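So the structure is just underneath, and the comments pick up after that.
This one's a predicted model, so the numbers in the text were calculated from it and none came from an experiment.
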Amino acid sequence: MTDRYSNSLDCNEADTTASVLNGNFAAIDFETANGCRSSVCSVGVVVVRDGVVADSFYSLIHPAPNYYTPWTTEIHGLNDIDTAEAPTFPEVWKQIEEIIEDLPLVAHNKAFDESCLKAVFEHYRMPYPGYRFYCTLTASRRKIGRRLPNHKLDTVASYCGYDLSDHHHALYDAEACAAIALKLL
């Protein structure tokens with residue numbers, strides 16, 4: 001992950017207060033197959049401990065409901081062939097639970113990713129553990145403000161010195177989110 005960072009420190013100027021996360025969190029990103037939030041078709045997770053990337057995880061997921069819209073496939077490039085043999089969300093989440101433990105979760109646009117997580121837990125009738133969620137999009141708007149033309153993940157990542165070369169791949173988006181969180185949260 002470190003090879004995607006530049007030496008830019010502009011993002012550090014955004015805030016000098018102590019980090020609310022103390023360098024310990026799991027950045028998470030979902031891609032969905034269609035407009036249903038429960039239709040997660042891939043997930044990326046990056047675990048940060050003491051300010052250093054300690055682990056990462058990526059998996060395709062058999063979506064529920066299992067259909068793709070043309071516009072979602074256009075965004076992330078995944079389709080039904082890619083996830084036909086993929087594990088279901090409960091199978092994948094068992095692996096994720098082991099690496100995130102009790103860490104707070106961070107997403108760029110928490111409203112989307114947290115709603116996906118809650119929806120897929122509900123779909124599979126899994127009890128939702130009440131994860132603490134933080135948002136790099138909100139932090140960017142608050143701390144960087146008008147210094148950027150927009151606060152899209154790739155724009156904020158670049159400002160924070162991270163090269164997001166494959167946007168809408170869940171793992172790479174989670175890596176970018178982690179890089180932003182280390183600077184802004």
Kindly indicate whether the side chain of [X], heavy atoms from C-beta on, has any atom under 4.5 Å from the side chain of [Y].
X      : Y      : result
Phe57  : Val47  : no
Tyr67  : Asp80  : no
Val40  : Pro63  : no
Leu182 : Ile180 : no
Asp29  : Asp113 : yes
Phe30  : Ser115 : no
Phe89  : Ser38  : no
Pro87  : Ser59  : yes

Provide the closest heavy-atom pair for [X] versus [Y] in the form atom of the first, atom of the second, distance.
X      : Y      : answer
Ala33  : Cys41  : N-SG, 3.8 Å
Ala107 : Phe133 : CB-CE2, 4.1 Å
Tyr68  : Leu78  : CD2-O, 3.5 Å
Asn22  : Asn24  : O-ND2, 2.9 Å
Ala181 : Phe25  : CB-CZ, 3.6 Å

Output the distance between atom [atom1] ([X]) and atom [atom2] ([Y]), rounded to the nearest 0.5 Å.
X      : Y      : atom1 : atom2 : value
Cys135 : Phe112 : SG    : CZ    : 12.5 Å
Lys110 : Cys177 : NZ    : SG    : 12.5 Å
Leu21  : Tyr134 : CG    : OH    : 6.0 Å
Leu184 : Arg141 : CG    : CZ    : 13.0 Å

- request: Could you walk me through whether Glu114 and Lys118 pass the salt bridge (Lys or Arg N to Asp or Glu O under 4.0 Å) test, one step at a time?
  value: CA-CA 6 Å; Glu114 186 176 28; Lys118 287 179 176 179; 3.8 Å; yes

Using the rule that Ile, Leu, Val, Met, Phe, Trp and Tyr join whenever any side-chain heavy atoms are under 4.5 Å apart, tell me whether [X] and [Y] fall into a single cluster.
X      : Y      : answer
Ile28  : Ile61  : yes
Leu148 : Leu153 : yes
Val156 : Tyr172 : yes
Ile100 : Val46  : no
Val120 : Ile96  : yes

Ring centroids only, cut at 6.0 angstrom: are [X] and [Y] within range, meaning strictly under it?
X      : Y      : value
Trp93  : Tyr124 : no
Tyr58  : His169 : yes
Tyr131 : Tyr128 : yes

field: Test: Glu101 and Arg49 ion pair at under 4.0 Å
entry: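 Salt bridge present between Glu101 and Arg49.
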
field: Stepwise side-chain hydrogen bond (donor to acceptor under 3.5 Å, both in side chains) check, Thr73 with Asn79
entry: CA-CA 6 Å; Thr73 294; Asn79 61 48; 6.0 Å; no

- request: Report the C-alpha distance between Ser39 and Asn34 in whole Å, list the side-chain angles of each, state the deciding distance to 0.1 Å, and finish with yes or no for side-chain hydrogen bond (donor to acceptor under 3.5 Å, both in side chains).
  value: CA-CA 6 Å; Ser39 71; Asn34 53 63; 3.2 Å; yes

Distance only, no hydrogens: is a donor on one side chain within 3.5 Å (strictly under) of an acceptor on the other, for [X] and [Y]?
X      : Y      : value
Asp173 : His167 : yes
His62  : Thr83  : no
Ser140 : His151 : yes

task: Walk me through it: do Thr72 and Thr69 pass the test side-chain hydrogen bond (donor to acceptor under 3.5 Å, both in side chains)?
output: CA-CA 5 Å; Thr72 54; Thr69 59; 2.9 Å; yes

query: Backbone N or O of Ile144 within a donor-acceptor pair of the Arg147 side chain at under 3.5 Å?
result: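 Yes.
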
N/O donor-acceptor pair under 3.5 Å between His76 side chain and Thr32 backbone: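 Between the backbone of Thr32 and the side chain of His76 there is a qualifying donor-acceptor contact (under 3.5 Å).
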
message: Can you confirm whether more than 12 heavy atoms, excluding those of Glu97, are under 6.0 Å from its CD atom?
response: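 Buried by this count: over 12 neighbours within 6.0 Å.
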
